[in-house]
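Remarks on the structure that follows.
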Amino acid sequence: ILSGGLNNRYWVLDVDERPGLKTLTVSCSKSLHPTETCLLKDGWDMTPVCCGDVVHLEGCSDGGSWVVGREQGFLVLLPDSLISGTSISNSIRCMRRAVLGDMFKSFDGGSKQMLNGTMVHEVFQRAATAKDFSLETLSKMADQALCRPQYLGDIRCQDSTTVVTVAELADIEENVWSPRFGLKGKIDVTARVQIQKPRSGSHRTSEERTVPLELKTGKESNSIEHRSQVILYTLMSSERYHSEAGLLLYLKTGNLHPVVASHMDRRELLKLRNTLVHHIHNCVEKEAKRSRLSKLPDILTNRQTCQYCPQKRNCALYERLNCLIYSADDCEDVVRDFLQQETGHLIPPQLSYFSHWLLLCGLEATSMEAKNGRKRVWLQTAEESEKNGSCVGNVQLSGPVTVQSDGVFLHRFQRSSMVPQEGLASSGLASGDRIVVSDQKGKLVGLATGYLCEVSKTSISCTLDRDLSKFSGVLFRLDGDEGVVGLSTHLTNLSRLMENSQDSDRLRELVVDLRPPEFIYNLSSVLPREAKDTVANILKGLNKPQKQAMKKVLLSKDYTLIVGMPGTGKTTTICTLVRILHACGFSVLLTSYTHSAVDNILLKLKRFRVGFLRLGQGQKVHPDILPYTEESARKKGVHTLSELEQLYNKELTVATTCMGIKHPIFTRRRFDFCIIDEASQISQPICLGPLFYAKRFVLVGDHQQLPPIVQNQEARSLGMDESLFKRLELHSEAVVQLNVQYRMNRQIMSLSNSLMYEGRLECGSERTATALLSLPFLLSVQSELSSYSKSHPQHDLAWIHATLLPSSPVCFLDCSMVPALESVEKGGISNHTEAALIHRLLSLLIKAGCKPSDIGVIAPYRQQLKSISALLQSSAFTGVEVNTVDRYQGRDKSLIVFSFVRSTAEEGNLGELLKDWRRLNVAITRAKHKLLMVGSITTLRRYAPVEKLLNHLEYMPICKLDDLKGGIRSPCSLVHL
DNA sequence: TCTCTGCTAAGAGGA
């Protein structure tokens, strides 16, 4: 989105370089006409700006020619990537460290001093808010701070002539997003101050200003880093307060330093920002059509500085990769020593693994960044965003703001009376959505974040992280916030895998070197005598492969892979496994990628009185599991470190998502086993995370079902969608297959057997094998159809009769000759004829007595779900679940209708989705009793997997809809039915 | 050519 004005955005069309001078040809118009020029000189010419970049220009433009030089103007590179103040001030010493810090985020372990700093900040901010700095109050507040649960367990103007008086606090911990300068940050204290300066005569002038005030609790260094931080806060809040100076307060000494920035200071800091953002955005580069990792800023060879750098391992790893990629190994002795010390324990294949995955993550990050929707908050007006359904504008605070127990602020907004009334409920935002609050004018961007609670026609309530009551009267906009989750967890896990430690060494052997897993041969050595009876009892309920799986896990020294084919009772198996391990006294870390998968197992486990601790945000946890969360345990009162330790150590079993491993519990606890469900859908770097905390692990999944989603095409082709489950499967001695299924009847199962499992899938019982759809009122529907046929002999309805029959569990309706062509819309691909046909079939099936809640409709494309749902609005269809293939994985329904969607008249481009065998396999294995497939065989034959399925189907009914006379040509003619 | 769920976050200080 390009624009002129205050937050202007220009596209760089051309870069002309000459010594000491860079000339950019830019345009802020979508048509790229007219163009303007921008002259960069006096050091600005070193800005790493490239063709195709978006820039923001400050200063004066004379008839379409900008000059950015020593005394005037700024250029902000890629301004929509907001860079934090601390990242920039960190880059002063070492740009390389700042870039690595952005990639490998949570790497800094923390220290006592940091914890102390956080607490002292809070005490000061509270005292300042209360305007009470008495010793008594301070010590009371300090005591309170010491008992605050979030700190528990987290172990890891001094100018003679000018007098500055802080008159009032405007805000504490104010959040600022500045799209103008491409900056973001949180300001410790925003203070209203009175500044009295001596004038040349005897008079003193006095003025009032609102300025950022930065607190420091450590040594009074008045360092360039500290002052830079203040300058950046002043700059990013300049549109709010128009201040030119800020304050730096050292709490240890009580000294207050005014920090006044010159143009030069701001200029140099913005140049640093530009360099930093350039490196962050260009971590991958193309060389002869192949992508590779880019070079980082140069390595600093200062022993003193590097010794304590939290990024030193990543720094060294990157340098080693450099040598691999660019075959340059002529480095200084100091550097060679450093590399040897940090990475000497790694062999080349391990470095390659790291390098390979870093590249994949870099590629994927590019694709994710392109889709990042957060910048809409400042680039799009509220009206534009409202049209997309991701925003509500023109709302005002209504009623008081109330503080909730968990420290969040409950706000209520209503549409301002100044603008035409329109229902809020239709906005597209729904309760539970994450939101960002900004002002309508775009001056106060990102004021607060939180969750929507309730959306009605007239008002919206939400819980926010900050109290906005002082903004009564201000017009706000609320934007849906998808958040910006980069790949820092991936990278952090990869980096940890390369660590020189026992845990990492072992995991590296298994995962990277693919060392064969080892097993012991005798169960009696692992089974405690007193647990034998209990275990034997639990085993009774299992079938043969399930029992084998249990045994294999107990005998494993490294890992076990459990292949859970569709319907084979994966959840039950995991639940039983946990019960057995629990009975043996083993501790278990139970995880999966999604909250719902974790809770599915826990819901079962709960019935067997196996205790567990569930970590994770209450908002995401299943209501019935909430009593087991840390949150609810804390409500009963946890006040001391030992109470907290007790809470964390009490249960043998701990459950959380793979991303939940940043929890402080993992700084202390190790587990005997880690079980990961859905493992075939988790990307390798994420799957590694929980494995660091367990001696042995169990991956449960099925690589014949859906793989991890990878957005970037190149990353996918380089293997990013290979899960750890798939990678380790080559060691067949570690694999147990659950092949006895209790879901599908014989005919439905045979599809999957011929498509994927080569006949290995078996029915668990004759009852499963022969179960059919129940349609109690089929007779009356049939007679209705017959009488319709009599009065309309031109419509041959034999195909409908055939389709409805419960005795034919698999049925393909071929629309090739109808024809039923797909349509490409903005939201994706859909097929209206298939949607209409499905609508009619469902009404008949429901009329025949099929319960709507027993029906699932599946399509590979979201847009098709929309067009089907739109037809199923009437209350008769309430309960029918319409969803994508991906979302149906792990679930089933008695009756499944699958819409293939794709159908083109000519040889067009085919999508990727249906080319995937695994997606098709998931789609056809969701039905228990009846599977109806709707699609155009002529088009679908071009997909290899569908072709194979169709060949198998020749033994089953395929209704060719061209056989009927007019009946389908206009599906509306079925309406009479 | 479109499938998707995870995540609070910027900063807390030392050498």
Side-chain angles (χ1 to χ4, degrees), chain A residues 82-87 89-90 93 101 105-106 108 110-122 151 154 173 175-177 183-188 214-219 221 223 225-226 229 233 252 302-310 367-368 371 408 434 446 448-451 465 481-490 592-597 616-617 620 656-660 662 678 681-683 686 689 706-711 713 721 824-829 859-863 865 883-887 889 902 908-914 916 918-919 922:
Chain A
L82 306 185
I83 306 290
S84 72
T86 40
S87 296
S89 58
N90 268 335
R93 278 260 180 105
K105 256 164 203 150
S106 54
D108 217 336
S111 63
K112 273 185 190 173
Q113 289 86 347
M114 283 177 171
L115 180 57
N116 176 60
T118 315
M119 292 166 78
V120 174
H121 268 72
E122 188 192 308
Y151 299 139
D154 191 1
E173 289 287 316
N175 188 49
V176 184
W177 289 353
L183 298 172
K184 66 181 167 185
K186 283 198 158 80
I187 301 175
D188 281 339
E214 170 68 14
L215 302 175
K216 292 291 170 197
T217 56
K219 269 191 194 160
S221 65
S223 64
E225 280 91 348
H226 288 174
Q229 232 181 312
Y233 292 144
K252 216 170 228 176
N302 184 338
R303 271 261 166 93
Q304 204 64 37
T305 318
C306 297
Q307 191 183 354
Y308 300 97
C309 177
S367 291
M368 282 169 70
K371 263 184 35 178
V408 294
R434 268 182 68 97
T449 57
Y451 291 92
D465 59 342
D481 184 27
E482 300 127 45
V484 270
V485 212
L487 291 130
S488 63
T489 313
H490 300 238
S592 178
Y593 190 59
T594 61
H595 288 282
S596 65
Q617 262 199 7
K620 307 276 183 163
T656 185
T657 60
C658 288
M659 306 280 244
K662 284 179 200 157
E678 290 183 340
Q681 285 193 89
I682 308 175
S683 72
I686 294 299
L706 288 170
I709 289 178
V710 177
Q711 307 196 29
Q713 165 66 47
D721 64 353
V824 181
E825 286 150 56
K826 154 176 111 201
I829 302 165
Y861 301 91
R862 289 225 137 257
Q863 189 62 28
L865 303 183
N883 238 324
T884 53
V885 185
D886 299 59
R887 289 215 181 173
Q889 173 145 344
R902 300 312 297 257
N909 208 354
L910 291 173
E912 292 281 318
L913 291 188
L914 287 171
D916 199 322
R918 298 162 290 192
R919 185 166 279 105
V922 172

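Within every chain, numbering begins at 1; the chains are lettered A, B, ... in the order of the sequence lines, protein sequences first and strands thereafter.
B:dA12 atom P lies 13 Å from atom CD of A:E122, rounded to whole Å. Here B:dG13 presents its C1' atom at 11 Å from CG of A:L115, a figure rounded to the nearest Å. Rounding to whole angstrom units, CG of residue A:D886 and C1' of B:dG6 are separated by 16 Å. Look at CD on A:Q681: it is 10 Å from C1' on B:dT5, rounded to the nearest Å. In this structure, the CG atom of A:N90 is 12 Å from the P atom of B:dA12, given to the nearest Å. Distance A:N883 CG to B:dT5 P: 9 Å, rounded to the nearest Å. As rounded to whole Å, 15 Å separates atom P of B:dA12 from atom CD of A:Q113.
Here the separation of B:dT1 from B:dT5, taken at their P atoms, is 23 Å to the nearest Å. Taking atom P in both B:dG11 and B:dC7, one finds a spacing of 23 Å when rounded to whole Å. The gap from the C1' atom of B:dT8 to that of B:dA12 amounts to 16 Å, rounded to the nearest Å.
Within 4.0 Å (heavy atoms only), A:Y233 reaches sugar-phosphate atoms of the nucleic acid but no base atom. Using a 4.0 Å heavy-atom cutoff across all strands shown, A:G486 reaches no nucleic acid atom at all. Heavy atoms of A:D465 sit nowhere under 4.0 angstrom from any nucleic acid atom. Residue contacts for A:P708: at a heavy-atom cut-off of 4.0 Å it reaches no nucleic acid atom on any strand shown. Among the atoms of the strands shown, only primed sugar atoms or phosphate atoms (P, OP1, OP2) are found under 4.0 Å from some heavy atom of A:Q229. Contacts of A:G185 with the nucleic acid, taken as non-hydrogen atoms under 4.0 Å apart, involve only primed sugar atoms and P, OP1 or OP2. Residue A:I686 is out of contact with every strand shown, counting any heavy-atom pair closer than 4.0 Å. Looking at heavy-atom distances under 4.0 Å, A:T449 makes no contact with the nucleic acid at all. Nucleic acid contact class of A:E173 (heavy atoms, under 4.0 Å, all strands): none.
Between the side chain of A:R919 and the base of B:dT3 there is at least one donor-acceptor pair of N/O atoms closer than 3.5 Å.
Put simply, A:T489 has no side-chain N or O that comes within less than 4.0 Å of OP1 or OP2 on B:dC7. Contact between the side-chain N/O atoms of A:R887 and the OP1/OP2 oxygens of B:dT5 is found at a separation under 4.0 Å. Taking side-chain N and O atoms only, A:Y861 has a distance below 4.0 Å to OP1 or OP2 of B:dC2. Put simply, A:T884 has no side-chain N or O that comes within less than 4.0 Å of OP1 or OP2 on B:dT3. For B:dG14, the OP1/OP2 oxygens have no side-chain nitrogen or oxygen of A:K219 closer than 4.0 Å. Look at A:R902 and you'll find a side-chain N or O under 4.0 angstrom from OP1 or OP2 of B:dC2. The shortest distance between the side-chain N/O atoms of A:R93 and the OP1/OP2 oxygens of B:dA15 is not below 4.0 Å. Considering only side-chain N and O atoms, A:H595 lies under 4.0 angstrom from the phosphate OP1 or OP2 of B:dC7.
Between the A:D465 side chain and the A:T449 main chain, a donor and an acceptor come within less than 3.5 Å of each other.
Among the nucleotides B:dT3, B:dG11, B:dT8, the one closest to the side chain of A:S84 is B:dG11. In the set B:dA10, B:dC7, B:dC4, B:dA10 carries the atom at the smallest distance from any side-chain atom of A:T86.
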